[in-house]
Amino acid sequence: MSRLVRHETPYFYWTTRRDSVDCRSLRKEQMTNHYAKAGSFTTKVGLCMHLRNLQWFDAADPDTFFPRCYRLGAQDEKHAFIDDFRRTACTSLLLYVLEKYEGDSEGEKMGEVHNAKSHGLRKTRKQHITQRIETSVIDSALHVCQEYLNSLEHCDIDNNLETNSTISEQQWKVFLQNYYLVVHEGINIEGCDYYVERCKCMLEQMRQVCPQMENDGICNIWIIKPGAKSRGRGIMCMNKLDDMLGLVDGDHCIMKDSKWVVQKYIERPLLVHDTKFDVRQWFLVTDWNPLTVWFYRECYLRFSTQPYSTHTLDSSVHLCNNSIQKHYQPSPDRSPSLPAECMWSCSQFRSWLAASGRAALWKTVVVPGMQKAVIQTLLTAQDSVEPRKASFELYGADFMLGRDLRPWLLEINASPTMAPSTGVTARLCPAVQEDTLRVVLDRRSERNTDTGGFQLIYKQAAVDVPQYVGVNLLIEGTSIRRPRAPVHKSLIQSHPEPLSKSTNHKSSLLSSPCTSGKENQSEEMKRACPNLPNRKITMDQSLIFHPKRKRPHRLVLPSTCCVLPNPTELHHPQRLSHTQPQSDRPHTHRTRSNLPTLYRPTPSVEVINIRPRQALTSSHYIHKIHTVNLSYPVLRMQQNHRRSKNTFAEREGPKSS
């Protein structure tokens, strides 16, 4: 059937793989069951990060419905987890003392205090008859709890590192070692009955600031999860800090990608016939802007195949995923009232609640708590998901119930399984898919159509957009011109040489070649003006260079400077008059076109060496006659001499170059 329509344009996509359809390339009328970038809250890392921002979207605390969670790959969260583990060990020790020596049977009901033999899963322990733990371990636990309360009340704001009496790392190592011996090995604490009242008072204060203390228990178990896996793959339960840190530090990929999370395990959940279970709840999102959420009325429970106990960390006891439990046989110690398929429908669970006199709590506590947790989670992830009007997505949320039936969100799965693995899922999964089509297809044409088991629980209010009043939008400003890059040319390199030993004045001869910007221009000039034989001439006219104001870096010759000879006239010395200046020659009007500049080089003289032939000493001026050698027609002299009439002289203090 798929081959018959492979060349047709589909208008409805339903796929379990999110990356198989590109939502951005679809037409407006084409529908698909996935949103782009919706994986921001369906992964364990994404859910952990988004729920920390809940305070910006709703006046709620995520610690009231989501167990504490940390990323082990992030250094700051890793240190926060270490502090949380140590503080939880302190409260667990106080709770252990209170329940053991006050006669509280709650821990014994949970199989935590020396009574796990009834389940046949008690961990084999060594009997330390003579070994005793001193009461200093209780004092340390009380001190840590009191410091934590003071930090919440900002009572330690004036304490510095010197005066703050915190526990050192070595003391923490000794404390945890004693804690493991007491809780896990059953070693007694000597004289702890005197601390019962103090432990009870401290725990009451901690419950007021820690909403998850009722679920923490006394074994301090944490569950480690891969960040982007499903169906219980790679999940482990641990109760020792060194084992968890060793797992993370040994894998550099975990530290690099931060894809592993550690979450506080709910040690005291609601049990059905002494067996742990979780709840799979479906919900549907038909729009992200505005956020529209549909909640399914039916759900199902998944049971473990083994009786519950905290003295074993096996996955057959603590993981209720059907993909995990299908590999185990039900324990003979489990209650026969539970089905062999390890699943219940919500109607069966409500009947069990009614038998215990708590039927009303399903509608007043369980369902409202799950709906609130789903809505608050979606609000935190709304900005990360790309909305699309013709898309929808069905999600499966996993919850656990506390002893007071408060739901605790564990994770949210995209593309939840619809396999008819048991009789319960064989009935519910087809119904969920059919009701989904009613919401996304039938309701588009008929708003009052039957939506089956889906119930609209949240529709975000539309944001009021101000009306357009015809205000003209203008952009005012001035154009920005790109500045012209200055032309930097190294024209002359100075070599000072004294003209006379009797004077203190020194002149510098600059001999670096003046290059034009183009090499081909110089080559053409060499071909037009061949090399001339060196000839000695005498000139007594001063040569002064003045930079032009409008165009910097452009040097022009003054109108009173000597006229440089043409190379064609150099073959006829009689045409040149070098000994006397032509003062009676009228000065022509110097325009931009006939100014001899360095940008339009004309054949000129090259001063190779200047040596004085005759020096006339004067009080103010020194008149010198120099010998000049001629070669290439490129001007290589740049020296600012003070001009005197009919002389080639210089004065002290050149002002420009």
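Aromatic pair Trp294/Phe392: ring centres not closer than 6.0 Å. The aromatic ring centroids of Phe283 and Phe295 lie 6.0 Å or more from each other.
Remark: the backbone N or O of Ala60 is not paired with any side-chain donor or acceptor of Gln55 at under 3.5 angstrom. Under the 3.5 Å distance criterion, the side-chain polar atoms of Glu393 are left unmatched by any main-chain donor or acceptor of His34. Although no hydrogens or angles enter the test, the distance criterion places a donor-acceptor pair under 3.5 Å between the side chain of Gln212 and the main chain of Phe66. Listed for the Asp435 side chain is a donor-acceptor partner under 3.5 Å among the backbone atoms of Gly453. Side chain of Asn33 to main chain of Thr15: a donor-acceptor pair is present (N/O by atom type, distance under 3.5 Å, no hydrogens or angles). Of the possible donor and acceptor atoms, none in the side chain of Arg388 sits under 3.5 Å from a partner among the backbone N and O of Thr32. Between the side chain of Thr292 and the backbone N or O of Pro290, at least one donor-acceptor pair lies under 3.5 Å. Side-chain atoms of Glu446 do not come within 3.5 Å of backbone N or O of Arg443 as any donor-acceptor pair. Under the 3.5 Å distance criterion, the side-chain polar atoms of Tyr35 are left unmatched by any main-chain donor or acceptor of Cys23.
Atom CD1 of residue Ile457 and atom CD1 of residue Ile375 lie 4.0 Å apart, to the nearest 0.5 angstrom. With rounding to the nearest 0.5 angstrom, the CD atom of Gln208 is 9.0 Å from the CG atom of Leu149. Once rounded to the nearest 0.5 Å, the distance linking SG of Cys69 with CZ of Arg52 reads 7.0 Å. Atom CE of residue Met370 and atom CG of residue Leu409 lie 11.0 Å apart, to the nearest 0.5 angstrom. Here Ser391 contributes atom OG and Asp287 contributes atom CG; the two are 9.5 Å apart, rounded to the nearest 0.5 Å. Once rounded to the nearest 0.5 Å, the distance linking CZ of Phe81 with CZ of Arg86 reads 10.5 Å.
Side-chain contact between Phe41 and Val385 is present, with at least one heavy-atom pair separated by less than 4.5 Å. In this structure, the side chains of Ile412 and Thr377 come closer than 4.5 Å at one or more pairs of heavy atoms. Residues Leu378 and Val293 form a side-chain contact, since some pair of their non-hydrogen atoms from C-beta on lies under 4.5 Å apart. Side-chain contact between Pro67 and Ile266: present, with at least one pair of heavy atoms (C-beta onward) separated by less than 4.5 Å. Residues Asn413 and Arg280 form a side-chain contact, since some pair of their non-hydrogen atoms from C-beta on lies under 4.5 Å apart. Side-chain contact between Gln460 and Gln382 is present, with heavy atoms from C-beta onward closer than 4.5 Å. Here the side chains of Met244 and Ile224 are in contact, with some heavy-atom distance below 4.5 Å. With a 4.5 Å cut-off on side-chain heavy atoms, Lys264 and Ile223 do not count as touching.
Donor-acceptor pairing under 3.5 Å is recorded for the side chains of Gln263 and Lys225.
Ion pairing of Arg24 with Glu386 is present here, as a side-chain N (NZ or NE/NH1/NH2) and a carboxylate O approach within less than 4.0 Å.
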Exercise. Start with the C-alpha distance between Gln281 and Phe399, add both sets of side-chain angles, then the distance that settles side-chain contact (heavy atoms from CB on, under 4.5 Å), and finish with yes or no.
Key: CA-CA 8 Å; Gln281 178 64 56; Phe399 290 92; 4.2 Å; yes
Exercise. Could you go through the side-chain contact (heavy atoms from CB on, under 4.5 Å) check for Leu51 and Phe65 one step at a time?
Key: CA-CA 10 Å; Leu51 285 178; Phe65 65 90; 4.1 Å; yes
Practice problem: Go through Met418 and Leu394 one step at a time and tell me if the side-chain contact (heavy atoms from CB on, under 4.5 Å) criterion holds. | Solution: CA-CA 11 Å; Met418 292 294 171; Leu394 180 67; 3.3 Å; yes
Practice problem: Could you please spell out the steps behind the ring pair (Phe, Tyr, Trp, His ring centres under 6.0 Å) verdict for Tyr296 and Tyr395? | Solution: CA-CA 11 Å; Tyr296 203 66; Tyr395 300 97; over 10 Å; no
Exercise. Begin from the C-alpha positions of Thr436 and Trp282 and carry the test side-chain contact (heavy atoms from CB on, under 4.5 Å) through to its verdict.
Key: CA-CA 11 Å; Thr436 302; Trp282 291 294; over 6 Å; no
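Leu379 approaches Tyr458 most closely through the heavy-atom pair CD2-OH, 3.8 Å. Between Asp22 and Ser25 the shortest heavy-atom distance is O-OG, 3.0 Å. The heavy-atom pair separating Ser384 from Ser40 by the smallest distance is CB-OG, 3.5 Å. Trp288 and Pro387 make their closest contact through CB-CB, 3.9 Å (heavy atoms, listed as atom of the first residue, atom of the second, distance). Pairing each heavy atom of Leu410 with each of Leu47, the nearest pair is O-CD2, 4.0 Å. Arg27 and Thr9 get closest at one heavy-atom pair: NH1-CG2, 4.1 Å.
Around atom CZ of Arg444, no more than 12 heavy atoms belonging to other residues, nucleotides or ligands sit under 6.0 Å away. For Lys389, the NZ atom sits in a packed shell: over 12 heavy atoms of surrounding residues, nucleotides or ligands are nearer than 6.0 Å.
Partners of Asp84 by side-chain contact (heavy atoms from CB on, under 4.5 Å), not counting sequence neighbours, listed by chain and number: Arg68, Tyr70, Arg87, Thr88, Trp222.
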